[in-house]
Amino acid sequence: MHQEIKIMRDKGMTWKEVAETMKVSISTAKRRYKEAPQYPVEWSARIHKHVINKRMIMVMLDDGRVVPAIKKMGLNYPRGQYVKVEQIDEKHFRVV
């Protein structure tokens with residue numbers, strides 16, 4: 001929802017038009033626009049397990065979530081190694 005509001009505002013839509021399109025109040029649209037997470041975000045993580053795709057690896061973030069992350073080809077991280085992970089958007093991560 002944050003992305004859609006940002007796109008509409010960048011196109012020049014008024015807050016009233018954005019609120020009507022999203023079917024929320026104007027104050028809710030403004031609040032969600034301000035609360036939008038700023039990416040990229042860095043996380044401390046450790047390698048959870050390897051997957052079949054050589055460009056991906058499963059990592060466990062500090063908060064306990066296990067997520068797939070993109071890594072550079074040829075880098076072999078042993079299981080349990082601590083790495084820095086960059087969150088690109090809501091669902092995508094990469095090993096830095």
Next item on the list: With sequence neighbours excluded, tell me which residues meet side-chain hydrogen bond (donor to acceptor under 3.5 Å, both in side chains) with Ser25.
Entry: Ser27, Thr28

Next item on the list: Using the test ring-ring contact (aromatic ring centres under 6.0 Å, His included), find all partners of Tyr33 that sit at least two apart in sequence or belong to another chain.
Entry: Trp15

Margin query: Using 0.5 Å steps for rounding, measure from the CZ atom of Arg55 to the CG atom of Leu75.
Written below: 9.5 Å

Note to self: Going by the rule side-chain hydrogen bond (donor to acceptor under 3.5 Å, both in side chains), which residues pair with His92 if we only count those two or more places apart in sequence or in a different chain?
What the structure shows: Asp89

Item checked: Ser44 to Asp62 - nearest heavy-atom pair and separation -> O-OD1, 2.9 Å

Note to self: Taking Val24 as the starting point, is it possible to reach Ile5 by hopping between hydrophobic residues whose side chains are less than 4.5 Å apart?
What the structure shows: yes

Next item on the list: Taking all non-hydrogen atoms of both residues into account, name the closest pair between Pro78 and Ile47 and its distance.
Entry: O-CB, 3.6 Å

Next item on the list: Following the transitive rule for hydrophobic clusters with a side-chain heavy-atom cut-off under 4.5 Å over Ile, Leu, Val, Met, Phe, Trp and Tyr, establish whether Val51 and Ile70 coincide in one cluster.
Entry: no

Next item on the list: Please report the closest heavy-atom contact between Ala45 and Leu61, naming both atoms and the distance.
Entry: CB-CD2, 3.9 Å

Check: Are Tyr39 and Val67 joined in one hydrophobic group, where the rule is that I, L, V, M, F, W and Y side chains link up if heavy atoms are under 4.5 Å apart?
Finding: yes

Notebook entry, point to check: Considering only heavy atoms from C-beta outward, does the side chain of Val83 approach that of Val96 to under 4.5 Å?
Noted result: no

Checklist line | Flag side-chain contact, heavy atom, 4.5 Å: Thr21 against Glu4 | finding: no

Next item on the list: Kindly write out the residues that satisfy side-chain hydrogen bond (donor to acceptor under 3.5 Å, both in side chains) with Asn53, not counting sequence neighbours, or none if the list is empty.
Entry: none

Next item on the list: State which residues pass side chain to side chain contact (heavy atoms under 4.5 Å, CB included) with Met60; sequence neighbours excluded, sorted by chain then number.
Entry: Arg46, His48, Val66

Checklist line | Residue pairs involving residues 64-88 (criterion side-chain hydrogen bond (donor to acceptor under 3.5 Å, both in side chains); sequence neighbours excluded) | finding: Trp43-Gln87, Asp63-Arg65, Glu86-Arg94

Check: If you measure from CE on Met8 to CD on Glu17, what distance do you get to the nearest 0.5 Å?
Finding: 10.5 Å

Check: Is Val95 reachable from Met58 through a run of hydrophobic residues whose side-chain heavy atoms are each under 4.5 Å from the next?
Finding: no

